[in-house]
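Reading through the structure tokens given below for one structure.
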Amino acid sequence: HLARKMCVYFLGKRYPHIEAEVAKAYSASKGDIRKTIRPILYSDELIEGPPILKRPLDLVASSLRALDGATDGWTHIQDHLSRMGQEPYEWPMPDGFPMKTTAWSGSMLPRWQFAFALASGEIGGTHLEGADLPIRTRLEALYGRKLTAEVLKAAEQEGMGMAVAAPEFQWR
């Protein structure tokens, strides 16, 4: 069960042969998470698998991490999570928030609103530490790679909100 959940979370769908390796690693290591997850991280399916839409909390956390942001985690940021469909501790079923992209794709407008509010400093209790860094530095940190001149020009014209709202950042 755990191996299946981990494969779906990291790979986007089930891969029985990797699930078997994960289960074997879990048993052999007596639950050591580093050893348990290794078959997933070293699999070709991690790179070649389908893209996975970030859940709202993942989007908020990765945005704050990439933009060197900080939040008090209080009402303002929770309001954005609620509008995106992931209010903390509010999923009614015992199986946790859904993993399927279709469960989250209906919340694109609130995702974009969060991105622009974050970039423009409009979320109370939340701020970006690196706001004075050049946009190229912030964007390359956000995407984790060097960017083309076209992407940089568009970002300079539209701002950091557009970068967080972009499809490339919505998927993990």
Side-chain angles (χ1 to χ4, degrees), residues 1-26 31-69 71 73 77-119 123 126 138-148 151 154-155 158 160-172:
H1 176 75
L2 180 63
R4 180 179 52 81
K5 289 285 220 180
M6 291 174 79
C7 283
V8 171
Y9 182 81
F10 287 106
L11 302 175
K13 65 180 192 174
R14 294 189 67 183
Y15 291 96
H17 66 287
I18 298 175
E19 288 175 25
E21 289 180 46
V22 171
K24 183 178 174 184
Y26 178 81
D32 183 327
I33 192 67
R34 286 182 282 179
K35 291 177 181 174
T36 300
I37 203 166
R38 190 169 285 139
I40 295 172
L41 297 179
Y42 287 122
S43 70
D44 291 335
E45 289 80 358
L46 183 64
I47 302 297
E48 298 166 4
I52 304 166
L53 186 67
K54 292 177 183 176
R55 290 195 273 184
L57 185 60
D58 294 336
L59 175 66
V60 168
S62 63
S63 299
L64 290 169
R65 224 177 271 130
L67 297 174
D68 196 19
T71 185
I77 202 89
Q78 289 179 23
D79 288 345
H80 280 279
L81 283 169
S82 294
R83 285 193 291 274
M84 289 186 269
Q86 193 173 8
E87 189 167 355
Y89 310 111
E90 292 298 321
W91 188 252
M93 294 187 200
D95 58 349
F97 287 100
M99 294 297 301
K100 294 184 178 190
T101 297
T102 54
W104 303 109
S105 59
S107 65
M108 295 311 292
L109 182 58
R111 286 169 170 265
W112 298 334
Q113 290 168 334
F114 161 76
F116 286 104
L118 178 65
I123 301 175
T126 302
R138 290 186 284 151
L139 283 172
E140 289 179 350
L142 183 70
Y143 287 107
R145 61 183 158 82
K146 296 284 184 191
L147 299 176
T148 65
V151 171
E158 301 296 329
M160 291 301 295
M162 195 63 152
V164 175
E168 292 85 356
F169 195 72
Q170 298 289 319
W171 298 88
R172 56 180 173 98

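The first residue in the sequence is number 1, and the count goes up from there.
E21 contributes atom CD, which lies 13.5 Å from atom OH of Y15 (distance to the nearest 0.5 angstrom). Once rounded to the nearest 0.5 Å, the distance linking CZ of R34 with OG1 of T36 reads 10.5 Å. If you take CG on L59 and NE2 on H80, they are separated by 11.5 Å, rounding to the nearest 0.5 Å. Residue R111 holds its CZ atom at 14.0 Å from CZ of R83, rounded to the nearest 0.5 Å. Separation of atoms NE2 (H17) and OG (S43) is listed at 7.0 Å; rounding is to 0.5 Å. Note: I77 CD1 to S82 OG = 11.0 Å, rounded to the nearest 0.5 Å.
E19 and H1 share no donor-acceptor pair across their side chains, judged by distance under 3.5 Å alone.
For the pair R14/V8, a side-chain contact is recorded, criterion being any heavy-atom separation below 4.5 Å from C-beta on. When side chains are defined from C-beta on, I33 counts as touching M6, because their heavy atoms get closer than 4.5 Å. Side chains of I18 and L11 form a contact here, defined as non-hydrogen atoms less than 4.5 Å apart. Using a 4.5 Å heavy-atom threshold, the side chains of P110 and M84 count as touching.
Across every non-hydrogen atom of I52 and G12, the tightest pair is CD1-N, 3.3 Å. Nearest heavy atoms, A25 versus K35: CB-O, 3.4 Å. When all heavy atoms are compared, the tightest approach of L46 to F10 is CD1-O, 3.6 Å.
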When you look at L118 and V60, which way does the side chain to side chain contact (heavy atoms under 4.5 Å, CB included) test go after all the steps?
-> CA-CA 9 Å; L118 178 65; V60 168; over 6 Å; no

Could you check F114 against S63 for side chain to side chain contact (heavy atoms under 4.5 Å, CB included), going step by step and ending with a plain yes or no?
-> CA-CA 10 Å; F114 161 76; S63 299; 3.7 Å; yes

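For Y26, the OH atom is loosely surrounded, since the number of other residues' heavy atoms within 6.0 Å does not exceed 12.
Formation of a donor-acceptor pair under 3.5 Å by the E87 side chain with backbone atoms of Q78 is not found in this model.
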